[in-house]
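This report refers to the structure that appears directly beneath it.
Here is the naming used below: chain letters follow the sequence lines, and residue numbers restart at 1 for every chain.
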Amino acid sequence: MFTTLHLAIIAPFFIAIVVPILYKYFPRTHTGWFVLFVPILLFLYFLRFIPETSNGNTYHAVFDWIPSLGIQFTAYVDGLGLLFALLITGIGSLVVLYSIYYLSKEQEALNRFYVFLLMFMGAMLGVVLSDNLLVLYVFWEVTSISSFLLISYWYERDKSRYGAMKSLLITVVGGFAMLVGFILLYQMTGTFSIQTMIQSVDDFTEHALFLPTMLCILLGAFTKSAQFPFHIWLPDAMEAPTPVSAYLHSATMVKAGIYLVARLSPIFAISGEWLWLVAGFGITTLFWGSFNAVRQTDLKGILAFSTVSQLGMILSMLGVGALALHFDGIDNNVYIGATAAALFHLMNHATFKGSLFMMVGIVDHETGTRDIRRLGGLMTIMPITFTIAVIGSFSMAGLPPFNGFLSKEMFFTAMVDVASFQQFNMDTFGVLFPVVAWVASVFTFIYSMMLVFKTFGGKLQLGQLEKKPHEAPFGMLLSPIILISLVIVFGFFPNILAYTVIEPAMASILPSLLRNGEHFLVDIYFWHGWTVELFMTMGVVLIGTVLYLTLRKWKSIYSLFPKHLSFNHLYDTTITRGESLSAKVTGMYMTGSVKHYLIYILTFFSIFLLYVLFSTDAFALNTDHLAPISMYEWLLAIVLALSAIAIMFAKNRLATLIILGVSGYSVALFFVTLRAPDLALTQLVIETVSVVMFLLGFYHLPEIAENFKKARFQVKNFIISFLVGFTVTVIGISASSTRLFESIADFFPKASYDEAGGNNMVNVILVDFRGFDTLFEILVLTIASIGIFVVIKLRLNEKEER
Amino acid sequence: METLMTITAGILLSIGTYLILTKSLLRIVLGTSIFTHGVHIMLLSMAGLKTGAVPLLGEDAAAYTDPIPQALMLTSIVISFALTAFFLVLSYRTYKTFGTDDMDQLRGSKYE
């Protein structure tokens with residue numbers, strides 16, 4: 001049944017169809033105002049599910065999409081899906097509001113922008129609310145495509161196109177691996193429904209395909225979530241308009257990979273490989289992203305690497321959260337804290353990173369540059385933007401009293417706890433987790449400070465800026481102000497989130513830990529006493545400040561990495577090499593010569609048909625019903641064959657024409673002996689006219705004979721021609737020797753007089769039983785004659801003589 | 001008889017194909033003509049030869065030859081004539097425009 005929930009998921013697509021019309025007929029209103037209603041209404045709609053899910057209920061509605069293949073569009077709302085749906089529509093509303101002021105309606109093609117944005121919104125809702133893996137995959141790829149279209153929104157820029165291509169190639173390759181993983185899952189479980197799989201999870205954890213499946217699916221998740229080493233597409237994706245970067249490439253789309261990992265945790269998380277892969281890649285990405293963010297000079301570049309790093313952090317927490325499955329129940333189970341932290345940080349990241357992106361957009365919009373070497377001293381000119389930047393960055397750096405501090409503390413707790421886990425080599429290598437986490441946090445602190453003080457501190461360099469800076473209009477500030485208020489609100493009252501969305505979402509990730517009626521209890525608060533985590537944070541601030549101040553002195557370590565060993569270089573080389581290789585391979589057979597194409601076709605068909613004929617033993621030679629051969633017919637056949645062979649070798653045009661006439665008339669004579677008077681008459685007339693026509697052609701084309709004379713016998717062509725003739729002959733003999741069903745020939749002698757009133761059966765068939773054939777034959781003749789007339793009269797260039 | 005006809009048809013088809021694969025435009029046009037002859041003979045012999053009288057009801061015979069292939073071929077003869085005429089004019093125009101009738105020089109553009 002198609003329910004309101006399905007409608008809510010699909011609604012953005014429907015509205016997207018209307019957008020170009022609105023854009024055309026209401027040119028005075030910014031199209032964004034119409035679009036704004038969609039995410040707001042959807043947000044309110046999804047809010048209504050909160051009471052349901054926080055009671056531990058789920059809601060699902062089935063719509064038979066392709067019943068013949070058993071594919072159902074099952075909309076499934078549980079804590080995890082709802083958390084993402086709220087994120088998508090909530091941030092979506094703010095981004096659309098922001099874009100209304102960011103993109104001018106006079107200069108930008110708003111119709112395209114909002115169509116792509118709505119398409120993305122619908123697809124993203126589809127990803128997080130579908131229970132069927134194939135439907136999820138379809139929506140997943142639509143998000144990749146809309147991301148591609150949005151990155152290349154300013155397609156006249158080279159870098160936009162490069163970034164769009166890169167993101168598409170990397171995410172789609174991952175997506176394809178993921179599809180393979182989904183199909184393997186189906187092989188193991190016999191269903192595409194995630195919830196059904198989760199119920200039967202114990203049956204296939206020992207299956208041989210379990211590990212390959214996991215690897216394939218994780219590849220999809222990692223490419224989408226820009227995990228090391230697939231992170232290289234995200235910085236280049238920053239060529240998109242800033243609202244898009246804030247929305248797709250920070251708050252929502254890149255979290256689809258995290259969603260997938262969280263969603264499939266109940267299936268895979270019990271295995272040690274999952275733990276190591278998810279947590280390991282996550283923590284590597286965390287470090288690599290934050291380390292590289294410091295060397296960036298573009299504000300959006302810093303934010304891009306920061307996003308990469310924060311995504312890695314969330315993923316590592318999800319990975320560590322899987323440890324909880326190795327204990328019974330939820331009492332005294334410290335590792336469930338990691339999962340709670342992951343979800344909490346997911347929300348926090350959306351708030352502070354969203355506002356930071358919008359802040360950077362404002363700076364870019366008002367000064368004309370995002371280069372931190374040219375920016376500085378904007379504190380007094382843009383006080384509100386400065387405040388947003390300070391709160392956002394401090395939250396990102398993990399300073400109190402903002403929400404980032406809380407989730408950073410929880411993250412440290414999780415990482416410290418890992419080291420004490422006793423399985424999967426955790427007791428030996430586990431100690432790396434808190435160390436790497438701490439180092440990465442130091443770099444996070446440094447780039448957060450850069451973001452604020454390089455832009456707003458220091459001296460104002462008016463000469464370096466393209467515009468005279470001033471504070472942004474209120475409408476543009478509204479969205480980041482709302483987000484930044486959330487940073488503070490969630491900082492002081494984190495449990496608003498904990499009770500409403502985090503606890504139900506945890507129930508979706510770790511369902512096996514809950515006994516009947518139980519639910520997770522998450523209580524987030526500031527003061528835990530003088531714990532290790534607090535000392536770690538203090539260390540981060542201390543070392544971070546020292547390193548930030550001495551940045552100039554140690555920055556040279558970045559040039560230690562040779563450029564040609566970077567992943568970007570690898571990507572570029574692969575693309576250029578691949579292009580030249582495929583051009584070479586294609587050039588080998590796509591020669592542009594029709595003759596060659598004809599040879600491929602003929603050879604393939606001949607060999608294929610002969611193979612089938614002999615492999616199925618279909619060749620038959622039946623001489624029972626054959627008609628006798630008279631002397632004349634032998635003679636005619638020999639004349640016909642000889643005349644045809646002669647044409648091959650003839651060098652003189654007129655001689656060729658005469659030989660062609662001979663073969664045509666012998667065919668006509670054959671028709672006479674074979675009881676086909678109508679054919680014989682027609683053939684005679686046509687043959688005569690043809691000869692006249694060829695003569696006319698020769699008269700007008702005296703020069704054309706040059707190549708004609710030079711022609712030499714081509715052995716290769718002859719072999720192919722022989723093969724064709726042989727194939728047809730063999731098939732012809734087999735066909736006339738085998739009668740599979742009765743001919744309908746008996747119908748016509750009876751019917752042609754009674755029904756059509758004619759004695760000549762062939763004529764009756766042509767004008768009566770198959771009258772339309774004849775009608776269209778006349779049509780073909782008409783078209784041919786028009787064509788001939790046009791081709792003769794056509795003058796492609798004026799000077800050509802008649 | 002049918003076997004002989006089929007083999008003749010096979011020879012005609014071979015030669016037609018060979019001519020179509022040559023460089024000269026004019027030979028290609030000739031090739032299509034020969035090819036058509038081959039197809040006609042093949043069609044006729046597939047239906048079985050000399051199985052009855054000429055398909056005219058006034059003949060008053062016990063059996064008639066199958067009229068359907070004949071009707072089909074009648075259409076085919078006329079259409080192949082139209083096709084030959086069109087090919088001929090097309091090669092005339094090609095020659096006028098490009099100044100050559102060599103198929104190796106008449107390749108598609110290098111940007112495709």
Side-chain angles (χ1 to χ4, degrees), chain A residues 592-593 595 626-629 637 640-641 644-645 647-648 660 663 667 674-679 682-683 686 690 693 697 700-701 704 707-708 711 717-718 721-722 724-726 728-729 732-733 735-736 743 745 748-749 753 759-762 765-766 770 773 777 780-781 784 787-788 791-792 796, chain B residues 1-4 6-15 17-18 21-24 26-27 30 33-34 37 40 42 44-46 49-50 54-58 64-68 70-71 73-75 77-79 81-82 84-86 88-90 92-93 95 97 101-104 107-108 112:
Chain A
S593 158
K595 191 172 101 184
L626 294 187
I629 311 172
L640 186 55
I645 293 168
I647 289 180
M648 267 169 72
L660 186 71
S663 61
V667 172
L674 296 175
R675 320 262 199 281
D678 298 286
L679 291 183
T682 319
Q683 179 73 31
I686 293 288
S690 294
M693 192 176 66
H700 284 288
L701 286 176
I704 205 166
N707 265 301
F708 194 83
N717 290 351
F718 182 75
S721 324
F722 180 77
V724 172
F726 180 70
V728 175
T729 311
I733 290 175
S736 61
S743 159
F748 292 100
Y753 191 77
N759 279 327
N760 186 335
M761 283 181 246
V762 178
I765 293 173
L766 282 177
R770 306 191 61 86
D773 273 10
E777 180 194 343
V780 170
L781 283 178
I788 291 166
V791 170
I792 291 177
L796 285 178
Chain B
M1 178 80 202
E2 280 88 344
T3 315
L4 173 72
T6 313
I7 292 170
T8 317
I11 294 172
L12 289 183
L13 288 173
S14 285
I15 291 164
T17 315
Y18 177 81
L21 292 179
T22 51
K23 282 202 283 189
S24 155
L26 202 59
R27 269 178 208 274
L30 292 173
S33 280
I34 299 282
H37 290 327
H40 290 162
M42 178 71 86
L44 202 62
S45 57
M46 296 268 271
L49 299 168
K50 300 183 186 171
V54 173
L56 297 172
L57 283 177
Y64 298 99
T65 311
D66 190 351
I68 302 172
Q70 296 193 14
M73 280 158 64
L74 206 62
T75 313
I77 292 172
V78 177
I79 287 189
F81 167 68
T84 312
F86 188 70
L88 197 65
V89 173
L90 205 61
Y92 161 75
R93 169 51 55 187
Y95 184 75
T97 309
D101 67 332
D102 185 349
M103 284 306 284
D104 285 346
R107 291 194 182 192
E112 64 187 346

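Only the side chain of B:L44 comes within less than 4.5 Å of a heavy atom of chain A; its backbone N, CA, C and O stay farther away. Looking at A:Y753, the atoms closer than 4.5 Å to chain B (heavy atoms on both sides) sit in the backbone and in the side chain alike. Looking at A:V728, the atoms closer than 4.5 Å to chain B (heavy atoms on both sides) sit in the backbone and in the side chain alike. The contact between B:A85 and chain A is made by backbone and side chain atoms together, counting heavy-atom distances below 4.5 Å. Contacts between B:S33 and chain A at a heavy-atom distance below 4.5 Å involve the side chain alone, from C-beta outward. Within the 4.5 angstrom heavy-atom criterion, only side-chain atoms of B:L4, from C-beta onward, approach chain A.
With hydrogens and angles disregarded, a donor-acceptor distance shorter than 3.5 Å links the side chain of B:R93 to the backbone of A:V791. B:T6 places no side-chain N or O within donor-acceptor distance of the main-chain N or O of A:T729, the cut-off being under 3.5 Å. Between the B:Q70 side chain and the A:M761 main chain, no donor and acceptor come within less than 3.5 Å of each other.
Of all non-hydrogen atoms in B:S14 and A:F722, the two that sit nearest each other are OG-CA, 3.7 Å. Smallest separation of non-hydrogen atoms from A:A784 and B:F86: O-CD1, 4.0 Å. Residues B:K23 and A:K595 come closest through the heavy atom pair CG-NZ, 4.5 Å. Here the closest heavy-atom approach between residue A:A637 and residue B:T8 is recorded as CB-OG1, 4.0 Å. Contact between A:E777 and B:I79 at its shortest, heavy atoms only, is CG-CG1, 3.7 Å. Across every non-hydrogen atom of B:L74 and A:D678, the tightest pair is CD1-O, 3.9 Å.
Most heavy-atom pairs under 4.5 Å with chain B, from the set A:N759, A:I733, A:V780: that is A:N759. Highest contact tally toward chain B, considering only A:I645, A:D773, A:I765, is held by A:I765 [criterion: heavy-atom pairs under 4.5 Å]. Contacts with chain B were tallied for A:A641, A:A676, A:A735, A:S690; A:A676 has the most, counting heavy-atom pairs under 4.5 Å. The greatest number of non-hydrogen atom pairs below 4.5 Å with chain A, out of B:I68, B:T3, B:L13, is found for B:I68. Of the residues considered (B:M46, B:H40, B:H37), B:H37 shows the highest number of contacts with chain A, using heavy-atom pairs under 4.5 Å. Taking chain A as the reference chain and counting heavy-atom pairs below 4.5 Å, the highest number among B:T84, B:L21, B:T17 is found for B:L21. When A:L766, A:L781, A:V724, A:L660 are compared by the number of non-hydrogen pairs under 4.5 Å with chain B, A:L766 comes out ahead.
Interatomic distance, CG of B:L30 versus CE of A:M648, reported as 13.0 Å (0.5 Å rounding). Here the CG-CG distance, from A:L640 to B:L12, works out to 4.5 Å after rounding to the nearest 0.5 Å.
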>> Quick one, B:L88 with A:I788, criterion side chain to side chain contact (heavy atoms under 4.5 Å, CB included). Give me CA distance, side-chain angles, the key distance, then yes/no.
In response: CA-CA 9 Å; B:L88 197 65; A:I788 291 166; over 6 Å; no
